[in-house]
Asker: 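Let me give you the structure first, and then I'll get to my questions.
The figures that follow rest on heavy atoms only: side chains count, while hydrogens, waters and symmetry mates do not.
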Amino acid sequence: METVSENRSFDGVQGVYTHDSDACGCAMTFAVYLPPQARTEKVPVLWYLSGLTCTHENAMTKAGLQEHAAQYGLAVVYPDTSPRGAGVEDDEAYDLGQGAGFYLNATRNPWRPHFQMYDYITRELRDLVVQKFPVLDRHGITGHSMGGHGALTIAMRNPDMYDSLSAFAPIANPTQSDWGKKQLSAYLGDDESTWCDHDSTLLLAERGWKGELLIDQGGSDQFLDLLKPEALAEAMIAHRQAGVFRMQEGYDHSYFFVNSFAGDHVAWHAERLL
């Protein structure tokens, strides 16, 4: 692991790091915010998974999580959204290839050699963070849009690995959306039975979540028809899932929306992790 930068932030440290990833077969960049409490003790970890076209940097600079993380004493990890580099397969469309890893393990070529983001998040980067930083092996996970999809599906598939869960405007029903059908068929093939583990609405209906969920969705989100929040809300009701689903009037899909409710989400995770 190499340090790219480290900056003082709310009396903690915002760092950016690179390492060679075995899972993705390329160099990967990620960011970690360490709160001031991490100078004297190990702290829990909140994972923030970003959306389409983003890197580690977007949420690090725009989501506004650091101030709240410093208040409660949480580390925040910002992974990249996909493998990258000259030797990594890509597509001309913004919603496939680099920047659009969908937090799954691709089984179909040409994506299979590098697009192993599920293993990268749940195993490789998780192990690296626990080994290299002063953090507890106690984790919460959240994310925005494609990252909200990733947070929900990863946590529901691995309830023993995560102790808190939330999402901002997640792609909630990708097997029934153009933000999902295209990517799932490209990465996994046309057998739709293999898609189910990557749809939070289907997972919630089948498995539920061990604790409470917090979902925030902008009421004026320009991508509502692609996100399909109503499917996830209906699944929560049908499964009698404990949690809170909030439609936030007037908010769109931007980081202004995420920033506006970042404090609520960090507090939600802090209550369950500390």
Side-chain angles (χ1 to χ4, degrees), residues 1 3-19 28-51 54-81 103 117 120-122 124-152 154-155 158 161-170 214-216 255-274:
M1 188 182 77
T3 301
V4 176
S5 62
E6 289 185 333
N7 300 95
R8 190 84 161 185
S9 176
F10 295 99
D11 206 27
V13 177
Q14 178 62 68
V16 177
Y17 310 92
T18 63
H19 71 113
M28 296 291 287
T29 302
F30 66 99
V32 175
Y33 176 71
L34 291 175
Q37 295 87 338
R39 290 198 294 269
T40 58
E41 61 183 351
K42 291 186 176 182
V43 297
V45 185
L46 174 60
W47 292 76
Y48 182 97
L49 306 186
S50 294
C54 292
T55 69
H56 68 282
E57 186 174 16
N58 298 78
M60 181 184 77
T61 58
K62 297 179 181 179
L65 297 174
Q66 291 91 339
E67 180 177 8
H68 310 294
Q71 176 185 350
Y72 291 103
L74 298 183
V76 184
V77 179
Y78 307 87
D80 202 347
T81 56
Y103 302 102
M117 288 299 294
Y120 178 67
I121 297 296
T122 62
E124 186 175 27
L125 186 57
R126 180 188 176 101
D127 290 346
L128 182 66
V129 167
V130 171
Q131 292 169 7
K132 297 292 186 179
F133 296 91
V135 299
L136 299 168
D137 193 10
R138 186 164 176 80
H139 306 257
I141 190 167
T142 188
H144 174 227
S145 193
M146 180 184 72
H149 141 81
L152 293 171
I154 285 173
N158 300 278
M161 294 173 64
Y162 299 94
D163 296 291
S164 57
L165 176 59
S166 73
F168 300 84
L214 172 61
I215 309 293
D216 271 314
Y255 274 102
F256 295 109
F257 157 66
V258 176
N259 191 295
S260 297
F261 301 101
D264 290 353
H265 283 249
V266 174
W268 176 273
H269 289 275
E271 182 179 350
R272 289 153 180 83
L273 292 172
L274 293 172

Asker: Enumerate, atom names and distances included, each donor-acceptor pair closer than 3.5 Å involving a side-chain atom of residues 64-79, sequence neighbours excluded.
Answerer:
{"unit_1": "Gln66", "atom_1": "NE2", "unit_2": "Gln14", "atom_2": "OE1", "d": "2.9"}
{"unit_1": "Gln66", "atom_1": "NE2", "unit_2": "Met60", "atom_2": "O", "d": "2.8"}

Asker: Go through His265 and Leu214 one step at a time and tell me if the side-chain contact (heavy atoms from CB on, under 4.5 Å) criterion holds.
Answerer: CA-CA 8 Å; His265 283 249; Leu214 172 61; 3.8 Å; yes
Asker: Do the ring planes of Tyr103 and His149 sit parallel (below 30°), tilted (30 to 60°) or perpendicular (above 60°)?
Answerer: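 Tilted: the ring planes of Tyr103 and His149 meet at 30° to 60°.
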Asker: Regarding His56 and Ser50, is there a side-chain donor-to-acceptor distance under 3.5 Å anywhere?
Answerer: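 No.
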Asker: Okay, side chain of Thr142, backbone of Ser166: is any donor-acceptor separation there less than 3.5 Å?
Answerer: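 Pair found, side chain donor or acceptor close to backbone of Ser166.
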Asker: Rounded to the nearest 0.5 Å, what separation is found between the CD atom of Glu124 and the CE atom of Met117?
Answerer: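 It comes to 10.0 Å.
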Asker: Grab the two heavy atoms, one from Ser164 and one from Gly140, that are nearest each other, plus how far apart they are.
Answerer: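 Reported closest heavy-atom pair: OG-CA, 3.1 Å.
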Asker: Check Tyr48 against Val258 and note the closest heavy-atom contact, atom names and distance.
Answerer: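 Here Tyr48 and Val258 meet closest at OH-CG1, 3.7 Å.
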Asker: Only one of Leu273, Asn158, Val130 clears side-chain contact (heavy atoms from CB on, under 4.5 Å) with His139; which?
Answerer: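 Of the listed options, the one satisfying the test is Val130.
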Asker: Within the 4.5 Å heavy-atom criterion, are Arg126 and Asp137 side-chain neighbours or not?
Answerer: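 Yes. Closest side-chain heavy atoms under 4.5 Å.
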Asker: Report the distance from atom NE2 of His269 to atom OH of Tyr162, rounding to the nearest 0.5 Å.
Answerer: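 Rounded to the nearest 0.5 Å, the NE2-OH separation comes out at 12.0 Å.
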Asker: Quick test of your reading of the model: are Asp163 and Arg138 salt-bridged, counting only N-O distances below 4.0 Å?
Answerer: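 Salt bridge flag = yes for Arg138 with Asp163.
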Asker: Atom CG in Leu136, atom CG in Leu274: separation rounded to 0.5 Å?
Answerer: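 Atom-to-atom, Leu136:CG and Leu274:CG are 9.0 Å apart.
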Asker: How far apart are the closest heavy atoms of Pro170 and Gly148, and which atoms are they?
Answerer: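 What the structure gives for the nearest pair is CB-C, 3.6 Å.
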Asker: According to side chain to side chain donor-acceptor pair (under 3.5 Å), does anything in residues 33-42 pair up with another residue at least two apart or in another chain? List the pairs.
Answerer: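 Qualifying pairs: Asp11-Arg39.
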Asker: Could you grab the distance from atom NZ of Lys132 to atom CG of Asp127, nearest 0.5 Å is fine?
Answerer: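 Here the interatomic distance stands at 12.0 Å.
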Asker: Check whether any side-chain heavy atom of Val16 sits under 4.5 Å from a side-chain heavy atom of Val32, and report yes or no.
Answerer: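 Sidechains of Val32 and Val16: no contact.
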Asker: Let me confirm one number: the CD-CE distance from Gln131 to Met1, rounded to the nearest 0.5 Å.
Answerer: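 Going from the CD atom of Gln131 to the CE atom of Met1 covers 10.5 Å.
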Asker: Show the numbers, then the answer: is there a side-chain contact (heavy atoms from CB on, under 4.5 Å) between Met161 and Thr122?
Answerer: CA-CA 8 Å; Met161 294 173 64; Thr122 62; 4.0 Å; yes
Asker: For Ile141 and Leu46, work out which heavy atoms get closest and say how close.
Answerer: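 Taking Ile141 first and Leu46 second, the nearest heavy atoms are N-CD1, 3.9 Å.
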Asker: Hey, could you give me the CZ/CG distance between Phe168 and Asp216, rounded to the nearest 0.5 Å?
Answerer: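 Answer rounded to 0.5 Å: 6.5 Å.
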Asker: For a 4.5 angstrom cut-off between non-hydrogen side-chain atoms, does Lys62 reach Asn259?
Answerer: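 The answer is no; the side chains never approach within 4.5 Å.
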Asker: Looking at His144 versus Tyr255, is the centre-to-centre ring distance below 6.0 Å?
Answerer: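 Yes, the ring of His144 comes within the 6.0 Å limit of the ring of Tyr255, centre to centre.
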Asker: Taking all atoms of both residues into account, what is the closest heavy-atom pair of Cys54 and Thr81, and its distance?
Answerer: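 Taking every non-hydrogen atom into account, O-OG1, 2.6 Å.
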Asker: Would a distance-only check, ignoring hydrogens and angles, find a side-chain to backbone donor-acceptor pair under 3.5 Å from Trp268 to Leu165?
Answerer: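 Such a contact is found between Trp268 side chain and Leu165 backbone.
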Asker: Whether the side chain of Ser145 engages the backbone of Gly147 through a donor-acceptor N/O pair (distance < 3.5 Å, no angle test) should be reported.
Answerer: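 Checked: no pair found.
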Asker: What closest approach, in Å, do Leu49 and Ala151 show between heavy atoms, and which atom pair accounts for it?
Answerer: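 Heavy atoms of Leu49 and Ala151 come nearest at CD1-N, 3.6 Å.
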Asker: For a 4.5 angstrom cut-off between non-hydrogen side-chain atoms, does Ile154 reach Ile121?
Answerer: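 Contact flag for Ile154/Ile121 side chains = yes.
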Asker: Using 30° and 60° as the class boundaries, would you call the ring planes of Phe30 and Phe133 parallel, tilted or perpendicular?
Answerer: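 Rings of Phe30 and Phe133: perpendicular, over 60°.
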